[in-house]
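Here is the structure we will look at, set down as structure tokens.
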2 protein chains.
Amino acid sequence: MAKGRVTVVDIAKAAGVSKSTVSLVLQGSPLVNEGTRAKVTATMRDLGYVYNRGAASLRQANGRSKIIGIVVNDLTNSFFAELAVGVDMVVQSAGFVQFLSNTGESIDRQREVIASMREHGISGLIVSPARATEAADLKPLVAAGIPVVVAVRNVPGTKVSSIVSDNRAGTYAAVEHLASLGHRRVAFLGGFPDTAVFDERLDGYREALSAAGLESPPELVISSAPSRAGGVDAIGRALSIPDRPTAAVCFNDAVAFGVCDGLRARRMEPGRDFAVVGFDDVIEAKTAVPALTTISVDPQGMGRRAAQLLLKQINAGKADAESIVNSVRLVIRESCGAKQKQSERKLA
Amino acid sequence: MAKGRVTVVDIAKAAGVSKSTVSLVLQGSPLVNEGTRAKVTATMRDLGYVYNRGAASLRQANGRSKIIGIVVNDLTNSFFAELAVGVDMVVQSAGFVQFLSNTGESIDRQREVIASMREHGISGLIVSPARATEAADLKPLVAAGIPVVVAVRNVPGTKVSSIVSDNRAGTYAAVEHLASLGHRRVAFLGGFPDTAVFDERLDGYREALSAAGLESPPELVISSAPSRAGGVDAIGRALSIPDRPTAAVCFNDAVAFGVCDGLRARRMEPGRDFAVVGFDDVIEAKTAVPALTTISVDPQGMGRRAAQLLLKQINAGKADAESIVNSVRLVIRESCGAKQKQSERKLA
DNA sequence: TTAATTAATTGGAACGTTCCATATAAGTCA
DNA sequence: TGACTTATATGGAACGTTCCAATTAATTAA
């Protein structure tokens, strides 16, 4: 029926007003008479008008759009998927829409998508950076006055806002808990040693051990891929050392699940024969058997907070870097054996 | 340093050519001399030029952009996250960028985000529709000539392209396999009965049973939420009926994991004491203990194919609906007991 | 009554790009 | 020589919106 798309001029013509008036209606300006407003909105509905945000933001000062970008390093990891969902929630209800891209830890891909997003005129960016992201990758954005918040992983040497979880406090609490259950040899399993997140978690583990008066021999920290397979591998090596650990705090939940798998493969039951605690509290942690004791970080909440921070900066116009650390909490379930100990105590 | 953003006019001025020439360079036109091209690209780099796609697609005929939209019903479900990743892959390498939104099964939210995406001028849409999505929700898009492909779930009565997996063949193969292992009472567990996907999977189950000469008493199909918790619930009910089933094909992997949990809670070992097969082949299926026998659907591949189909239609200009059904395959692991049977056979 | 105020509306210019038709320069052919 | 090509380069006009300054109409103040 229509030859081209319906524009404000078409609406104006049909409603018998000027395009300026239609524009005012579009923006909900109080300067327009209720009657005219009604007439115009009716015409818009009738003609099936769809707003052209591209044209709008072209005209608007400095081309600020209603688009924010979010790039994550691994969307197939449910932690980051949850993060994206959290961002989406607040971004959506603020009338923004999100460009989402997955880098799969590729720094080149990350560069590409960020460039592409800039071309599309994003007014802000949330990035969970790929490994080895440098400050230079984000520099042009901030130079152009585009607010950026990095999430989950920090980018060293960069002056942008960030939101990371309190990794140190998390593993500290985990070790403290295990020590209170009587464990004396606690391993740290999984993760790649070249990352800031790994270092922080390891630090918390070491601090808690020494605070509990326990030693932390280097052979008890065993790194591996931060995945389920990595966990299987790590527990295998952990159980082969002479003076076996009786408990482990794992780099993340994926590793912890792998550790459980590895234990079962050796006829050991996680929670009863060996205590394991994870990190992240992914959705499956609660329903797994045994339910995983872990450090809960609420990635969705983190995403929400990141988005709120970003929106604040977008609205403020000026973006002074702000770093927020997301507090975490130990949630005690079954895989650490605490529940079991408790029932034993009741029997005694 | 710069007061406003750098535009083609600035580049033209600095390079001593006209804006038209700059535009030609931008589009990689062969009409421009190599020398000028080099000079122009150099100036662009020097001045930190960033292309304004908004302005470009405003001018371009009918405002076709390099944006495609993807809306999924539940991004926290790794199946859909994988789907999105698959889409992202091909979309990215075709020079497009994706708007991604999560509806969380809310039809209102879906309407909002689709409207918002239209305003931003997407040139195509991939949607894994929320439950109860109607043809009317997609009608305006196709009327406007915007290619749409629905994935995973079909929307009845709509004339758009679709890509769904061969649900019937999947459960058929599962039942066939279980029957060949000697099972005579096979349950169908989990899922909501009001969906097309459920019906198709149930159909395949029934057909295979009758093909194997087995009966399919109604008490053996037990619906529940398509989640891990739903699985726990369903197996609980399944084991309480008089003539217990000895095997189950589950609505999806989440349900299957729940079923395994429920079995263990009753001191039954999945694979040994009860055969369970899932549907989807999520990443954890392979590494779980026991490894899950399931129907592999390769959501990432599905995403890739959906994106390819969409891009084809975008490039073709005209979009005749095409439906492709994604074939699935039974992958035999441990939870169905086949491996065990095999080793028993070897001993015999 | 006129002047001043308020309320509602409006035409044109601008945003950054692409497209079209035209222009220039150099080379080729009778 | 003049009339063609061919290879490059170019000024406007257009895309759909918003903003600004200006206009009209209705109301109030003096």
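Every heavy atom of this structure was used, including side-chain atoms; hydrogens, water molecules and symmetry mates were not. As the structure is a prediction and not an experimental result, all values here were calculated from the model. Note on naming: letters A, B, ... go to the chains in the order of the sequence lines (proteins, then strands), and numbering restarts at 1 for each one.
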Distance, nearest 0.5 Å, that separates CZ of R109(B) from OG of S93(A):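 Those atoms lie 6.0 Å apart.
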
Side-chain donor or acceptor of [X] paired with backbone N/O of [Y] under 3.5 Å:
X	Y	answer
D137(B)	T133(B)	no
D88(A)	N102(B)	yes
S116(A)	E112(A)	no

Criterion side chain to side chain contact (heavy atoms under 4.5 Å, CB included) against R153(B), the qualifying member of N73(B), T195(B), V164(B): N73(B)

4.5 Å side-chain heavy-atom contact, V149(A) and V160(A):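 Side-chain contact under 4.5 Å: no.
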
Short heteroatom pairs, N/O only, protein and nucleotides 14-17 of chain D, under 3.5 Å:
{"residue": "dA14(D)", "atom": "N3", "partner": "R59(B)", "partner atom": "NE", "Å": "2.6"}
{"residue": "dC15(D)", "atom": "O2", "partner": "R59(B)", "partner atom": "N", "Å": "3.3"}
{"residue": "dG16(D)", "atom": "N2", "partner": "A55(A)", "partner atom": "O", "Å": "3.3"}
{"residue": "dT17(D)", "atom": "OP1", "partner": "Y49(A)", "partner atom": "OH", "Å": "2.3"}
{"residue": "dT17(D)", "atom": "OP1", "partner": "N52(A)", "partner atom": "N", "Å": "3.3"}
{"residue": "dT17(D)", "atom": "OP2", "partner": "V8(A)", "partner atom": "N", "Å": "2.6"}

Note: E322(A)-R305(A) ion pair, threshold 4.0 Å (strictly below):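 A salt bridge is absent here (no side-chain N lies under 4.0 Å from a carboxylate O).
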
Under 4.0 Å protein heavy-atom contacts per nucleotide of nucleotides 4-9 of chain C, with B for base, S for backbone only and - for none: ----SB

